[in-house]
Enquirer: 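Dropping the structure in here first, questions after.
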Amino acid sequence: MIARVHDQLSSVLAAGELGTGGIQNWIVNNMIPLLLLAVALLLLWMGGGRGDNAGVMKRLAGVFVALGIIGLALTGAGVHVSEWLAGLFTT
């Protein structure tokens, strides 16, 4: 049994079929929407029930910054944004 698993694992490794693409896609497609839902519910629960709308909006600004960072990381546009920012200060 162990020898058969070892043979299958070595054939997968030799073929180069092992990678992190599956887990990365799963995180992007499942974990990020669930975390966003949890943050939204937490914000509503923390401030919405007490009428602290200004506090909710301050926290929401932080969530938007985090979403922007996640968007830059997932699309690979961070390089272009950093080149644009550097171009503002150099000639």
Enquirer: Using the rule that two of Ile, Leu, Val, Met, Phe, Trp, Tyr join whenever any of their side-chain heavy atoms come within less than 4.5 Å, decide whether Ile32 and Phe64 are in one cluster.
Expert: yes
Enquirer: Is there a side-chain contact between Leu67 and Leu36 in this structure, where contact means two heavy atoms from C-beta onward sitting under 4.5 Å apart?
Expert: yes
Enquirer: Same cluster for Val39 and Leu34 if Ile/Leu/Val/Met/Phe/Trp/Tyr side chains link at under 4.5 Å?
Expert: no
Enquirer: Would you compute the distance between atom CD1 of Ile70 and atom CG of Leu35 and round it to the nearest 0.5 angstrom?
Expert: 7.5 Å
Enquirer: Return the CD to CG distance between Glu83 and Leu88, rounded to the nearest 0.5 Å.
Expert: 12.5 Å
Enquirer: Would you kindly confirm whether Leu72 and Trp84 end up in one hydrophobic cluster when ILVMFWY residues are joined by side chain heavy atoms under 4.5 Å apart?
Expert: yes
Enquirer: Can you give me the closest heavy-atom contact between Gly71 and Thr75, atom names plus distance?
Expert: O-OG1, 2.8 Å
